[in-house]
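Structure first, commentary second.
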Protein chains: 2
Amino acid sequence: MKTPSTSPTSSTPLRGTQPHCQTCSLNALCLPLSLKDTDMERLDDIIRRGRPIQKGQLLFQQGETFQSVFAVRTGALKTYTLASNGEEQITGFHLASELIGLSGYEADCYPLTAKALETTTVCEIPLPQLDTLADELPDLRKQLMRTMGTEIRHDQNMMLLLSKKNAEERVASFLLDISQRYQRRGFSASHFRLPMSRVDISNYLGLAVETISRVFTRFQNNELIETQGKEIILRDMDALYEMAGLVSSTHCEKHDE
Amino acid sequence: MKTPSTSPTSSTPLRGTQPHCQTCSLNALCLPLSLKDTDMERLDDIIRRGRPIQKGQLLFQQGETFQSVFAVRTGALKTYTLASNGEEQITGFHLASELIGLSGYEADCYPLTAKALETTTVCEIPLPQLDTLADELPDLRKQLMRTMGTEIRHDQNMMLLLSKKNAEERVASFLLDISQRYQRRGFSASHFRLPMSRVDISNYLGLAVETISRVFTRFQNNELIETQGKEIILRDMDALYEMAGLVSSTHCEKHDE
DNA sequence: CGTGGATTTGAATCACCTCAAAGGTCGTGG
DNA sequence: CCACGACCTTTGAGGTGATTCAAATCCACG
C-alpha cells in the first residue's frame, strides 16, 4: 500500500480488460477528443496496447528510429534530451492521457528519451497509420496540431521560467502546473502525489537538488505547502499563484493597457 | 549603405515585383517545400502579401485573436512572451523563409508577440483557408507538422541551453545556430550580420547584456570571432562547436555505446 | 554636430551551486 | 518481522559565475 487512495495514479481505468478508445475514461482528454464515433473506431483499430513498462524502463530512446507516438494510459513518464557531454535535460513529465513522441515528427529518429517514472501502460500509435488517418480525418489532424501547439506553448513557458524566474518562482510554477493537470483529470488540485523524484524536479527546473529541498522546506515553514515524501498538499494556492507569476492563465488574454 | 553586400538581409528576392510562391527563391525552404506545382498554386492563392513593416513594429501581439500564420519573406523578427510582471522572454528569432505563429494553433489568440528587428516583409496565410487546404493537401499537412516538430525540438534545445549551459556555451551555441541558418539560405556560414541587438541576444539566452558583451570581447581576445557592431566573423568555428557542445547534430544520431 | 540609445568596462554583491555529511525511506533477504 | 544496504532527501558551510549598479565610450541618425 505505498500509494494512498488519494493518489491519482492509483486509479487505473480499464485495468484487466481489453481496452478501447470508445470505453476509455480518458478519451475526453486524449487524442480521440472531438472525434466522431466512427472516426474513433478507426483510430482505435490502429492503436496497439502493450504490456506495462516498469519504473526506470525506457519507452523509446533518443536516436532510435521514429516509429510511433504514445498516449499514456496509466502511470507517468519523463522525457529528456541528452547533451553531448552526457548531461540530461528533462523536457517534460507526462501523465495519463498525454501524448508523447510527436516532437520527433519531422525527424527520422526520436529526439529525446522517454523513461517510466512508475509502472506505466501506454497506447502505441504507429506513425504510418496515424499519418494516413490524419489525412482522412480532419478532426484528428486538427487535434494533432493542437497537441503540438500546446507542446510548443509549454516549452516556451519553460524558456521563460528557466530564463527569468528564481528558485521559489520556479517551484511554485511547477507545483501549480502539476496541480492543474491533475485537476483536469478529476483529481484534487491541492492534494496529490508527485510521481517524480526531487532529482527529476531539480533537473527539470534547472536547479540543484539541494535548492529544491530548501525551497520545499521554506514553503512548509511559510505554510504554503505540506510534504510527506512524494505526497504533497498545497495549503495556500493563492500565494503560490502570486509567487509563480500566474494571475490566472499566462497567455491568451486580452491585454488592456 | 548601412548593410554591406555580405549581409544576408541585403538580398531581397522579388523586391518590387508581385511575388508568387512559384517564383519565390525561398520556396525550397518555406512552406511550399515538397508541394506539387498545382498544390503550390492553391497555397499561393490564399497568401496575402502586405506592405513592409518597419523596425520595431508589431506583426501581431500576444492576446490578439489568432487569425493568420506568417512566413518571413525578407528581414527578421523576434517573437517573445510576456510574463505577468511585464518582463519579456524572447522565444525565437525568425529569418527569411521561416514560419511564425503556428504555436497559437490551438488557442484562439496569439500566445506571443512578433516584432520586426528591421524592415521586414511577410506572406500572410489566413488560418481558415490554411486549415481547409491542410485537409486537402496531405503534403502541406505534413509540412506544417514538420514545422511544428522542428519548433518543438528547437525549444527543447533552448531548455537544455538555459538550464545546463554557462554563458560562453550559450553564446557559442547561439552564434552557430544563426550561422547554420544563414548557410541553409546560401549565405556565408562565417561572416554575417546579426539582425538583433545585444539586449535581444541577452534576453534570448537568459543572461545580462553585460555578460554578452564580456563574452564577445573574451571570444575576440581568444581569436574565436571578430565583431564590428552587428557584423560578425566566426574565425574558429571548430572551437565554437566544441564549446557549444555540438559535435555535429545534437539530436537524432544512432547512439552506440 | 549634438543627442539618445546601445555597447563596453569595472567593481561589488548575491542567488544558487558545490561539497560534505547526516537522516530517511524503501525493497530485499534472512 | 526485522536488519541491511542502496538510494533519496535534507541540512549546513563555503565558493563562484553571473548579476547589479555605475560610468565611460561608441554609434546611428536627425
Side-chain angles (χ1 to χ4, degrees), chain A residues 1-4 7 9 54-56 78 87 89-90 115 117-119 161-172 174-175 193-222 225-232 243, chain B residues 1-4 7 9 54-56 78 87 89-90 115 117-119 161-174 193-222 225-232 243:
Chain A
M1 291 306 99
K2 59 189 166 190
T3 53
S7 166
T9 58
Q54 298 301 316
K55 176 175 178 171
K78 62 175 173 181
E87 272 190 314
Q89 169 65 36
I90 296 177
K115 182 183 275 190
L117 294 169
E118 54 195 27
T119 305
L161 178 147
L162 292 170
S163 173
K164 296 282 182 302
K165 295 185 180 180
N166 66 24
E168 297 199 345
E169 291 165 348
R170 293 184 199 198
V171 174
F174 169 73
L175 292 175
R193 184 172 178 279
L194 296 169
M196 71 296 285
S197 72
R198 302 286 194 268
V199 177
D200 285 337
I201 297 174
S202 72
N203 180 300
Y204 181 59
L205 297 179
L207 298 167
V209 204
E210 295 92 329
T211 304
I212 299 295
S213 186
R214 279 186 257 265
V215 172
F216 270 38
T217 317
R218 218 177 304 156
F219 280 6
Q220 274 195 99
N221 293 339
N222 300 342
I225 64 170
E226 280 175 48
T227 59
Q228 172 78 259
K230 293 196 183 330
E231 293 292 325
I232 190 160
M243 183 179 290
Chain B
M1 292 303 101
K2 59 189 167 193
T3 53
S7 166
T9 58
Q54 297 302 315
K55 176 174 179 171
K78 62 175 172 180
E87 272 190 314
Q89 169 63 37
I90 297 177
K115 182 182 276 191
L117 294 169
E118 54 195 28
T119 305
L161 178 145
L162 292 169
S163 172
K164 296 280 184 302
K165 295 186 180 179
N166 65 26
E168 297 199 344
E169 292 165 348
R170 293 184 200 198
V171 174
S173 303
F174 169 73
R193 184 173 177 280
L194 295 170
M196 69 296 285
S197 71
R198 302 285 194 267
V199 176
D200 285 338
I201 298 174
S202 72
N203 180 300
Y204 181 60
L205 296 179
L207 298 167
V209 205
E210 294 93 328
T211 305
I212 299 295
S213 186
R214 279 186 257 265
V215 171
F216 270 37
T217 32
R218 214 176 308 155
F219 280 6
Q220 273 195 99
N221 294 338
N222 300 342
I225 65 171
E226 280 174 47
T227 60
Q228 172 79 258
K230 293 196 184 326
E231 293 292 325
I232 189 159
M243 183 179 290

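Regarding Lys55(B), its NZ atom lies at a distance of 11 Å from the C1' atom of dC29(D), rounded to whole Å. Atom pair Phe216(B):CZ and dT7(C):C1' shows a separation of 11 Å (rounding to whole Å applied). As rounded to whole Å, 8 Å separates atom P of dT10(D) from atom CD of Gln220(A). Computed from coordinates, the Leu162(B) CG to dG17(D) P distance equals 19 Å when rounded to whole Å. If you measure from atom CZ of Phe219(A) to atom P of dT11(D), you get 15 Å, rounded to the nearest angstrom. Protein atom CD of Glu169(B) is 12 Å distant from nucleotide atom P of dG17(D), rounded to whole Å. Between Glu231(A) atom CD and dC26(C) atom C1' the separation is 15 Å, expressed in whole Å. Taking atom CD of residue Gln228(A) and atom P of nucleotide dT9(D), one finds them 13 Å apart after rounding to whole Å.
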Discussion item. Walk me through whether Arg193(A) and Glu118(A) qualify under salt bridge (charged side-chain N to carboxylate O under 4.0 Å, His left out).
Written reply: CA-CA 12 Å; Arg193(A) 184 172 178 279; Glu118(A) 54 195 27; 3.7 Å; yes

Worksheet item: Are Asn203(B) and Lys164(A) close enough, and set up right, to give a side chain to side chain contact (heavy atoms under 4.5 Å, CB included), and what steps lead you there?
Response: CA-CA 9 Å; Asn203(B) 180 300; Lys164(A) 296 282 182 302; 3.7 Å; yes

Fill in: Working for side chain to side chain contact (heavy atoms under 4.5 Å, CB included), residues Tyr204(B) and Leu162(B)
CA-CA 9 Å; Tyr204(B) 181 60; Leu162(B) 292 169; over 6 Å; no

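Met243(A) places none of its side-chain heavy atoms less than 4.5 Å from the side chain of Lys165(A). Contact of the Phe219(B) side chain with the Thr227(B) side chain is not registered, since no non-hydrogen atoms from C-beta on lie closer than 4.5 Å.
Atom CG of Leu207(B) sits about 8.0 Å away from atom OG of Ser163(A), to the nearest 0.5 Å. Rounding to the nearest 0.5 Å gives a distance of 10.5 Å between CG of Leu117(A) and CG of Leu194(A).
Applying the salt bridge (Lys or Arg N to Asp or Glu O under 4.0 Å) rule to pairs touching residues 194-218 of chain B yields Lys78(B)-Asp200(B), Glu168(B)-Arg218(B), sequence neighbours excluded.
Judged purely by atom type and a 3.5 angstrom limit, Thr217(B) uses its side chain to pair as donor or acceptor with the backbone of Ser213(B).
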Practice prompt. Sugar-phosphate atoms are those with a prime plus P, OP1 and OP2; base atoms are the rest. Using that split, label each nucleotide of nucleotides 9-19 of chain C B, S or - for protein heavy atoms under 4.0 Å, 5' to 3'.
Written response: BBB----SSBB

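Lys55(B) pairs by the side chain to side chain contact (heavy atoms under 4.5 Å, CB included) definition with nothing, not counting sequence neighbours. Under the salt bridge (charged side-chain N to carboxylate O under 4.0 Å, His left out) criterion, Glu87(A) pairs with no residue, sequence neighbours left out.
Using five terminal pairs a side, the axes of the helix from dC1(C)-dG30(D) to dG30(C)-dC1(D) at its two ends make an angle of 40°, given in steps of 10 degrees.
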Would you tabulate the pairs of protein nitrogen or oxygen atoms and nucleotide nitrogen or oxygen atoms of nucleotides 5-8 of chain D closer than 3.5 angstrom?
none

